Amino acid sequence: MVYQRDQAIKNFKPEPYFELNAEILANQQKFVAKLDPYQRFKDEAGLMTFMQAKHVQKGSQDGLIKDVQKQAKKSASPRLFSLSALQTMINRRYHASAADVLKAVQALYEAKYLSYPRTDSQYITDQEFTYLRQNLARYQKLVSKEIALPQIEPQSRYVNGKKVQEHHAIIMTKTVPSQEQLAKLSKLEQQVYDLVLRTTLAMFADPYEYEETTVIAQVGNANFKATGKVPTKQGWKILFDNPKTDEQEPDTLPPVQKGEQVQINLQTLQKKTTPPVPFTEGTLITAMKTAGRSLDDEASVAILKDVEGIGTEATRANILEVLKNRGYLVTEKNKLHVSEAGITLCKAVELEPLLTSPEMTAKWEQALQQISTEERTPDNFLSQIKKFVAKLIADVPTQLTGNAAIKQQINHQQQAQKSAEVFLETPQATVLNKQKFYIVKPKQGEDFTLPKKWSSKTLGKTAIKALVTKGETSKLKGFKSKKGKSFDAKLKLDGHKLSFDFD
């Protein structure tokens, strides 16, 4: 999935398009409205043809407010957390990996502060709702802002015993930590507990209420629409105050009346289509849950819907960790990408499309269902798997050696690995970067190693270059003795041995 997304980004070719917007001046205030119904134009000629047909031109002209609709709306608080929903949200807010989030929730579960973590349910039963309601005052003390929590009757959006199979949604337990106990938790554990606490309390708060205003303006025969929101009651939103991750509200609109004459400035904007966005661990976890929904076969889609895509709540984080530890996936600024080794693996697997097909998962799940209803025997299923594995073992080596694209990719991967290892190139030697040390390859003489850390100080490029070229460094700060005292010293190379020089 990450490989396909990376390929889609790499092969993406931006295409220009044009938009027609209206900047409306009403009561000394400006606001922007988009063409209604919205459409974009492939080229300027198409846009000009449209404008002529609608009797409008670029620039300022008289217009009319054709319609103003005001509607009072409500929005319920977010659903309670399943593990994957929590992993997705924490990754979005704090960029923590899925495995780290699971570790934090597990620690909070073992400390008896949160309920069982490996759950795929976003509902609780009446029993949990009752104890949460009884402890509301104690939970509220952990939230800095005062908030009314009047919704003390269970709502089906959160409380539904029929939708809880083995484990209910992740919520607080009856053990409410003190501020001192919370302070002793790791930063991520505090963030996880705080988000679960606020999301659970939000269920008892009033809905967020706002007035939505829709204005339709007319120029010639073209209509333009603008929407604005004015919050009328913050409700549960008081609990969440992170503007970085919460959606930006549409602008408030100035007061206008139906039939009002206004000045409208029509603007043509040239834009470009944007490439797909790389996966983060959060968005990948969500995509793993829904994997296979794009299948054509309705029966397969239905089966995969029941089994929730790839992996389970308990295993998805581990799947990602295995791929990262084996060097197939890399994380850069919270974005997931496939490494060169990962590309090689994916190109090899492309030779056997069944291996990455959600259809195969669906067929296996179907076979397991048939075993449970005794329409098929376990032996029959296992013998088919054995035949499949035997076929792979027989066919794949020949496919790999005979495939030019795979050979080219392996060569590319080896070159990339070599260049990634070169830490420093000097006239005297090449220095390779290994996981825990440097290998110095002199132009003459034997190879030797240098440590990455010496007396608690990390040796960077400047220090290593000085050692390789001059045999000694200038005075360096930040060394620590065995007793923990800091000191300054030079480092020098005596043969291939590293030592301090206090002169």
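Atoms considered below: every heavy atom in the structure, side chains included; atoms not considered: hydrogens, waters and symmetry mates. Quick caveat, the model's predicted, so the values are computed rather than measured.
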Backbone of [Y] reached by a side-chain donor or acceptor of [X] within 3.5 Å:
X: Thr119; Y: His168; result: yes
X: Thr473; Y: Ala463; result: no
X: Asn403; Y: Gln399; result: no
X: Thr331; Y: Leu336; result: no
X: Ser339; Y: Val330; result: no
X: Glu313; Y: Asp120; result: no
X: Glu472; Y: Leu491; result: no
X: Asp194; Y: Gln190; result: no
X: Arg376; Y: Leu368; result: no
X: Arg316; Y: Gly311; result: yes

How close do [X] and [Y] get, heavy atom to heavy atom, and via which atoms?
X: Arg198; Y: Val143; result: NH1-CG1, 3.5 Å
X: Phe388; Y: Leu354; result: CE1-CD2, 3.9 Å
X: Leu149; Y: Leu201; result: CD2-O, 3.6 Å
X: Tyr193; Y: Leu182; result: CD2-CD2, 3.8 Å
X: Ala76; Y: Trp236; result: C-NE1, 3.4 Å
X: Phe500; Y: Ala489; result: CD2-CB, 3.8 Å

Please walk me through it: do Tyr113 and Glu189 pass side chain to side chain contact (heavy atoms under 4.5 Å, CB included)? CA-CA 10 Å; Tyr113 296 151; Glu189 285 163 14; over 6 Å; no
Nearest-0.5 Å distance, [atom1] of residue [X] to [atom2] of residue [Y]:
X: Ile343; Y: Tyr328; atom1: CD1; atom2: OH; result: 13.0 Å
X: Asp126; Y: Tyr131; atom1: CG; atom2: OH; result: 13.5 Å
X: Gln370; Y: Lys363; atom1: CD; atom2: NZ; result: 12.0 Å
X: Ile464; Y: Leu459; atom1: CD1; atom2: CG; result: 5.0 Å
X: Leu80; Y: Leu86; atom1: CG; atom2: CG; result: 11.5 Å
X: Ile90; Y: His95; atom1: CD1; atom2: NE2; result: 11.5 Å

Stepwise side chain to side chain donor-acceptor pair (under 3.5 Å) test for Glu128 and Thr125: CA-CA 6 Å; Glu128 287 83 48; Thr125 69; 2.6 Å; yes
May I ask you to test the [X]-[Y] pair for a side-chain heavy-atom distance under 4.5 Å?
X: Val349; Y: Tyr3; value: no
X: Leu320; Y: Leu284; value: yes
X: Val192; Y: Leu114; value: yes
X: Gln428; Y: Pro442; value: no
X: His167; Y: Arg118; value: no
X: Gln408; Y: Lys347; value: no
X: Tyr38; Y: Glu19; value: yes
X: Tyr438; Y: Leu424; value: no

Between the side chains of Arg40 and Glu15, is the shortest nitrogen-to-carboxylate-oxygen separation below 4.0 Å, so that they form an ion pair?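 Salt bridge between Glu15 and Arg40, a charged N being under 4.0 Å from a carboxylate O: no.
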Glu321 with Lys324: basic N within carboxylate O range, under 4.0 Å: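 Looking at Glu321 and Lys324, the cut-off is met.
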Look at atom [atom1] of [X] and say whether more than 12 heavy atoms of other residues, nucleotides or ligands are closer to it than 6.0 Å.
X: Arg326; atom1: CZ; answer: no
X: Lys443; atom1: NZ; answer: yes
X: Glu166; atom1: CD; answer: no
X: His412; atom1: NE2; answer: no
X: Glu350; atom1: CD; answer: yes

Who are the side-chain contact (heavy atoms from CB on, under 4.5 Å) partners of Ile385, not counting sequence neighbours?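 Testing Ile385 for side-chain contact (heavy atoms from CB on, under 4.5 Å), a comparison that skips the adjacent residues, returns Trp364, Phe381, Val389.
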Results of ring-ring contact (aromatic ring centres under 6.0 Å, His included) for Phe204 - residues two or more places apart only: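 Result, ring-ring contact (aromatic ring centres under 6.0 Å, His included) vs Phe204: Phe129.
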Show your reasoning for whether side chain to side chain contact (heavy atoms under 4.5 Å, CB included) applies to Arg5 and Ile9. CA-CA 6 Å; Arg5 178 65 59 90; Ile9 295 166; 4.1 Å; yes
What do the steps show when you test Thr469 against Thr426 for side chain to side chain donor-acceptor pair (under 3.5 Å), and what is the final call? CA-CA 7 Å; Thr469 53; Thr426 72; over 6 Å; no
Quiz question: by atom type and distance under 3.5 Å, do the side chains of [X] and [Y] form a donor-acceptor pair?
X: Glu110; Y: Gln106; answer: yes
X: Gln151; Y: Tyr158; answer: no
X: Glu340; Y: Gln414; answer: no
X: Gln127; Y: Thr130; answer: no

Single hit among Asn334, Val101, Asp100 for side chain to side chain contact (heavy atoms under 4.5 Å, CB included) with Asn91: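 So, applying the side chain to side chain contact (heavy atoms under 4.5 Å, CB included) to Asn91 and each of Asn334, Val101, Asp100, only Asn334 qualifies.
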Kindly indicate, with the supporting measurements, whether the criterion side chain to side chain contact (heavy atoms under 4.5 Å, CB included) is fulfilled by Ser455 and Lys480. CA-CA 5 Å; Ser455 291; Lys480 276 192 180 164; 5.7 Å; no
What verdict does the side chain to side chain donor-acceptor pair (under 3.5 Å) test give for Thr280 and Thr283, after you've listed the backbone C-alpha separation in whole Å, the side-chain angles of each residue and the deciding distance to 0.1 Å? CA-CA 5 Å; Thr280 64; Thr283 56; 3.1 Å; yes
For residues 445-461, which residue pairs pass the salt bridge (charged side-chain N to carboxylate O under 4.0 Å, His left out) check, not counting sequence neighbours?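 For residues 445-461: Lys441-Asp447.
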For the pair Val422 and Leu432, evaluate side chain to side chain contact (heavy atoms under 4.5 Å, CB included) and give the outcome as yes or no after the intermediate values. CA-CA 5 Å; Val422 175; Leu432 301 183; 4.0 Å; yes
